[in-house]
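Everything below concerns the one structure shown next.
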Amino acid sequence: MEIRKFQDTDVSAVVSLWHRCKLTVAWNDPLRDVDRKKKHQPELFLVGLINSRLIASVMGGYDGHRGWIYYLAVDPDYRQRGFGSLMIEEVEARIKKTGCAKINVMVRKSNQKIADFYFKHGYGTDEVSCLGKRLVADK
Ligand SMILES: CC(C)(COP(=O)(O)OP(=O)(O)OC[C@H]1O[C@@H](n2cnc3c(N)ncnc32)[C@H](O)[C@@H]1OP(=O)(O)O)[C@@H](O)C(=O)NCCC(=O)NCCS
């Protein structure tokens, strides 16, 4: 798998991957998420390709205190072959290079089985509640 930075021409493939991976939710517009990311650390938005087909994505960021990972996805037809691990390892290495000391990831309560994947990659459960406040309604 080739891992490279997201390019404008990837937009429809990446959004379709997120739909296939059930990462899109009613209150988020994936196109607006892509647009926002293009303006903020776009170098940490990565895609994975096999024979030019986009099969994986991960969106990373560092806010000066913590690193964050979003939209980690591997096409269902390509799972259990280590591609998700390659994506997370690559984005972690790139986030670390920015000077970041710790990465957080939010896993939806409805998607807890994915936590095992993160545990295998050294993540632990922090005893915190994650609170959120919407500033812009996408829809
Ligand atoms: C999470 C996700 C990205 C993992 O992708 P993946 O490519 O299947 O990941 P990997 O193959 O690296 O690892 C998955 C499993 O395959 C195993 N595996 C890795 N390489 C393997 C190989 N060569 N052969 C067989 N199994 C392998 C791993 O040990 C791991 O085992 P586990 O399921 O017991 O944890 C994928 O399941 C996904 O897109 N899920 C939907 C989106 C999602 O929920 N994202 C997270 C949002 S927080």
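Counting starts at 1 for both ligands and their atoms, following the listed order. Because the structure is a prediction, the values reported are computed rather than measured.
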Heavy-atom pair of closest approach, residues Ile55 and Leu17 = O-CD1, 3.7 Å

Is a side-chain N or O of [X] found less than 3.5 angstrom from the main chain of [Y], in a donor-acceptor match?
X: Lys37; Y: His40; answer: yes
X: Asp126; Y: Val128; answer: no
X: Ser57; Y: Val47; answer: no

Identify the protein atoms, limited to N or O, that lie within less than 3.5 Å of an N or O atom of ligand 1, and list each pair with its distance to 0.1 Å.
from, atom 1, to, atom 2, distance (Å)
ligand 1, 7 (O), Gly84, N, 2.8
ligand 1, 8 (O), Gln80, N, 2.9
ligand 1, 11 (O), Gln80, N, 3.4
ligand 1, 11 (O), Arg81, N, 3.1
ligand 1, 11 (O), Gly82, N, 2.7
ligand 1, 12 (O), Ser85, N, 2.9
ligand 1, 12 (O), Ser85, OG, 2.5
ligand 1, 16 (O), Gln80, OE1, 3.0
ligand 1, 20 (N), Gly82, N, 3.1
ligand 1, 24 (N), Gln80, O, 3.1
ligand 1, 26 (N), Gln80, O, 2.9
ligand 1, 31 (O), Lys120, NZ, 3.2
ligand 1, 34 (O), Lys120, NZ, 2.6
ligand 1, 35 (O), Lys120, NZ, 3.2
ligand 1, 39 (O), Val74, N, 2.9
ligand 1, 39 (O), Val74, O, 3.4
ligand 1, 39 (O), Arg79, NH2, 3.3
ligand 1, 44 (O), Asn111, ND2, 2.8
ligand 1, 45 (N), Leu72, O, 2.8

Any Ile88 side-chain heavy atom under 4.5 Å of Val58 side chain = no

Do Arg36 and Asp29 meet the salt-bridge criterion of a basic N to acidic O distance under 4.0 Å?
-> no

